[in-house]
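Both backbone and side-chain heavy atoms feed into the values below; hydrogens, waters and symmetry mates do not. Positions are given from 1 along the sequence.
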Amino acid sequence: MVVIRKSIPIILIFFSFILAGEVSAVQDTSKSLIFKVFNIDEELSGDYEKGYIWDRIFRRREFHRPLNFIPMELRYGFGFNAGGGFLGLGSLKSNWMSYESDVTEFSGGSFTSRLGHQLDLDILKTNLAYYWFGNSWLDMHTGINLRYSSLFLPASIPSEWNATNTSWLAETKFTGKMMEVAWSQSLMLQWFESWYTTYRYTYGVAFSELYGTAGSPTGYGPSQSFTMGARIILDTGMSNRFAVGVDLKYTHTNINHIKDSDDLTPINKFTIQTAGIYATASVLFGGRKTKGDTGKMHYYRRDYINAKRLLEEFVDEDPSHANIHRAKKLIVESERKIPYQLMREGMSFDERGMIERAVERYIRAKSMADTLLVGVINERLREIAFREVERAEIWLNKGYGDTAIAHVTMVSGWHPEISHHVKRFKITLLMNQGEQLYKIGLNDRALSYFDKALEMDPGLTFEVATYKHRIAADLLTMADSLKDLNSLRFIVYALEETKRLTGGLSKTNGRILDELKLKLTKRDVWITRQKIDEILRSEKEIQEAVKPIELGMTISQVEDIMGSPTEMMSDGSEKQNQLWIYRYENGTKVYLTFTNYKLFRIEKE
């Protein structure tokens, strides 16, 4: 439904834009279609994605690794034994102790007599929900609790008790020492990486020693406690972490079974309610932040690209996480919103004139967007492309042709529809360069530029012919003084083209054309004769440079001229008589006979 609602204004504005006619290539962003459809200020109002507050409160660490084990949690602190009534809120002399008979009530003593200390130890606290059900969103731990407590300055029991029954002890102190074994259930709520809050309930059996004397009566009964506190996490880089903090604790202990075989006390049962504050230290395993938590934070900060990447890594690394479906849902949402993120980044760069970065974002957004968004982005790219072409045209007209061509070529890379302007710019540059060379009298070079432009665009025949005619007209005025062969030939070419196009020449131009042809013909004949003479002279010099062999020459002299023979035969002990045979490719053979080391006969066949 959200996509449909967003699509309606896009469709309406897009069709109204088409009906309104083609938009000028040069526009400010406020008049562009993309800035009409999407408002940056409105879309980016607020710092976070919708639903951020809800997530921070209820789902802050839904992708964290479960805190699966707390081997030990130690508490030590001070408490006050309160009165009777609800939560011990009664007066200090309220009825918190019952007796076998009517005796003077024991109030527990003064305020200082009710102060004591406790040592509380939780061990083997395990996240059963994680191990049994795979839940990684609830850090609830079950373990064993051991507790010891006693009073600092216990009060003495009433002396009247001994007067009633002589077996009842007198002048002794009511210590109320407790030893407790209980089941412990705790819940951790962690909103931040560095600290968390904890809530604990225990239920078990307490054992008490009433007096501080030997053979003191004892008792036992149910006990329960409620604890809440906060912890600071100390991460030392080890596999486990540590936490320290402070707890507030309320304990309710009901010693309703008294063991008094020697009848030493009238106490039938008593209830102690203790409220106190405790310093706490614990060891933790698990509970660390994951890539899923980081990815989700990127999502709510509207960085969907990094959100998708990190969430996908989280899904690959922890596919059995209890909230993996939430991670996959955020991946789908991130993928859907990435084109809009890229588009808005492009719009931001666009407004600030950072065109290259804006175009890069627009193109990336287009590659991932749906059809309607692609149409809007294409329209903006077209506007930017034509604006950049006009910008390059200004550079071209100012003489920065190479820069203009390079810029238009770059633009055509991401908007091929303007690629024809690259050819137009090159032709214009060639024509401009040719015109500048013509103005300074470098006619040959000017003609080469005009010919290149004509080769790229045959439609420039008239413009190029006009320049050639102007060059020819200039050369005609100094035809008699020209000695440059290329200039003379160009004048002949220009006059012949003029004659072909117009059907004739004036008498003066006709006479000049005939004279120039005659002059060029004579020059060609002379040049040809010079080349022939040069060739004959070279051949003669080569022939004269070759020294012929003569009878009477020694073997070494002949070898210097003729080279080594193809075949040699000798006679005599010192080889003073020899026959040399030379064979050539055309089949000719030459025989040289040496007698006494000198050439005696030359034969050829």
Drop me the distance from [X]'s [atom1] to [Y]'s [atom2], to the nearest 0.5 angstrom.
X: Ile255; Y: Asn268; atom1: CD1; atom2: CG; result: 12.5 Å
X: Thr126; Y: Phe285; atom1: OG1; atom2: CZ; result: 11.5 Å
X: Leu124; Y: His141; atom1: CG; atom2: NE2; result: 12.5 Å
X: Ile363; Y: His415; atom1: CD1; atom2: NE2; result: 10.5 Å
X: Leu342; Y: Glu360; atom1: CG; atom2: CD; result: 7.5 Å
X: Leu310; Y: Glu317; atom1: CG; atom2: CD; result: 9.5 Å

Using distance only, find each side-chain donor-acceptor pair of residues 69-79 under 3.5 Å and give its atom names and separation, not counting sequence neighbours.
from: Glu73; atom 1: OE1; to: Arg75; atom 2: NH2; distance (Å): 3.0
from: Glu73; atom 1: OE1; to: Lys125; atom 2: NZ; distance (Å): 2.9
from: Glu73; atom 1: OE2; to: Arg231; atom 2: NH2; distance (Å): 3.4
from: Arg75; atom 1: NE; to: Asp247; atom 2: OD2; distance (Å): 2.6
from: Arg75; atom 1: NH1; to: Asp122; atom 2: OD2; distance (Å): 3.3
from: Tyr76; atom 1: OH; to: His117; atom 2: ND1; distance (Å): 3.2

>> If the condition is side-chain hydrogen bond (donor to acceptor under 3.5 Å, both in side chains), which residues does Thr172 pass it with, not counting sequence neighbours?
In response: none

Could you pull out the closest heavy-atom pair between [X] and [Y], with the gap in Å?
X: Asp120; Y: Asn145; value: OD1-ND2, 2.5 Å
X: Ala155; Y: Gly108; value: CB-O, 3.8 Å
X: Thr202; Y: Ala182; value: CB-CB, 4.2 Å
X: Arg200; Y: Ser184; value: CD-OG, 3.5 Å
X: Ser223; Y: Ala206; value: CB-CB, 3.8 Å
X: Phe106; Y: Ser156; value: CE1-O, 3.3 Å

For the residue pair [X] and [Y], establish whether any side-chain heavy-atom pair is separated by less than 4.5 Å.
X: Leu67; Y: Gln190; answer: no
X: Val181; Y: Leu146; answer: yes
X: Arg352; Y: Arg357; answer: no
X: Glu100; Y: Ile258; answer: no
X: Phe207; Y: Thr218; answer: no
X: Val103; Y: Glu160; answer: no

Just by distance, do the side chain of [X] and the backbone of [Y] share a donor-acceptor pair under 3.5 Å?
X: Asp293; Y: Thr290; answer: yes
X: His321; Y: His64; answer: yes
X: Thr112; Y: Leu153; answer: no
X: Asp260; Y: Pro217; answer: no
X: Trp161; Y: Thr104; answer: yes

> Can the ring centroids of Phe174 and Phe270 be said to lie less than 6.0 angstrom from one another?
Replying inline: yes

>> Pair Val408, Ile418 - check side-chain contact (heavy atoms from CB on, under 4.5 Å), show working.
In response: CA-CA 8 Å; Val408 173; Ile418 60 98; 4.1 Å; yes

>> Checking side-chain polar atoms at under 3.5 Å, does Thr197 have a donor or acceptor matched by the opposite partner on Tyr199?
In response: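 There is such a pair between these side chains.
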
> Side chains of Thr251 and Ser225: donor-acceptor distance under 3.5 Å anywhere?
Replying inline: no

> Are Met297 and Arg56 close enough, and set up right, to give a side-chain contact (heavy atoms from CB on, under 4.5 Å), and what steps lead you there?
Replying inline: CA-CA 10 Å; Met297 195 65 244; Arg56 291 296 86 187; 3.7 Å; yes

>> Check the orientation of Tyr250 and Phe226. Use parallel for under 30°, tilted for 30 to 60°, and perpendicular for over 60°.
In response: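 Geometry flag for Phe226 against Tyr250: parallel rings.
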
> When you check the gap from the basic side-chain N to the acidic O, do Asp318 and Lys291 get nearer than 4.0 Å?
Replying inline: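 Here Asp318 does not pair with Lys291 in a salt bridge, since their nearest N and O are not under 4.0 Å apart.
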
> Can you list the residues that meet the salt bridge (charged side-chain N to carboxylate O under 4.0 Å, His left out) rule with Glu333, with sequence neighbours excluded?
Replying inline: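 Partners of Glu333 under the salt bridge (charged side-chain N to carboxylate O under 4.0 Å, His left out) test: Arg336, Lys337.
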
> Name the one of Glu335, Lys308, Lys296 that satisfies side-chain contact (heavy atoms from CB on, under 4.5 Å) with Leu330?
Replying inline: Lys296

> How far apart are the C-alpha atoms of Tyr196 and Leu284, what are their side-chain angles, what is the distance that settles it, and do they pass the side-chain contact (heavy atoms from CB on, under 4.5 Å) test?
Replying inline: CA-CA 12 Å; Tyr196 63 90; Leu284 315 173; 3.9 Å; yes

> Applying the side-chain hydrogen bond (donor to acceptor under 3.5 Å, both in side chains) test to Thr265, which of Tyr99, Tyr211, Trp168 qualifies?
Replying inline: Tyr211

> So Tyr362 and Ile384, side-chain contact (heavy atoms from CB on, under 4.5 Å) or not? Walk me through it.
Replying inline: CA-CA 11 Å; Tyr362 285 146; Ile384 294 175; 3.9 Å; yes

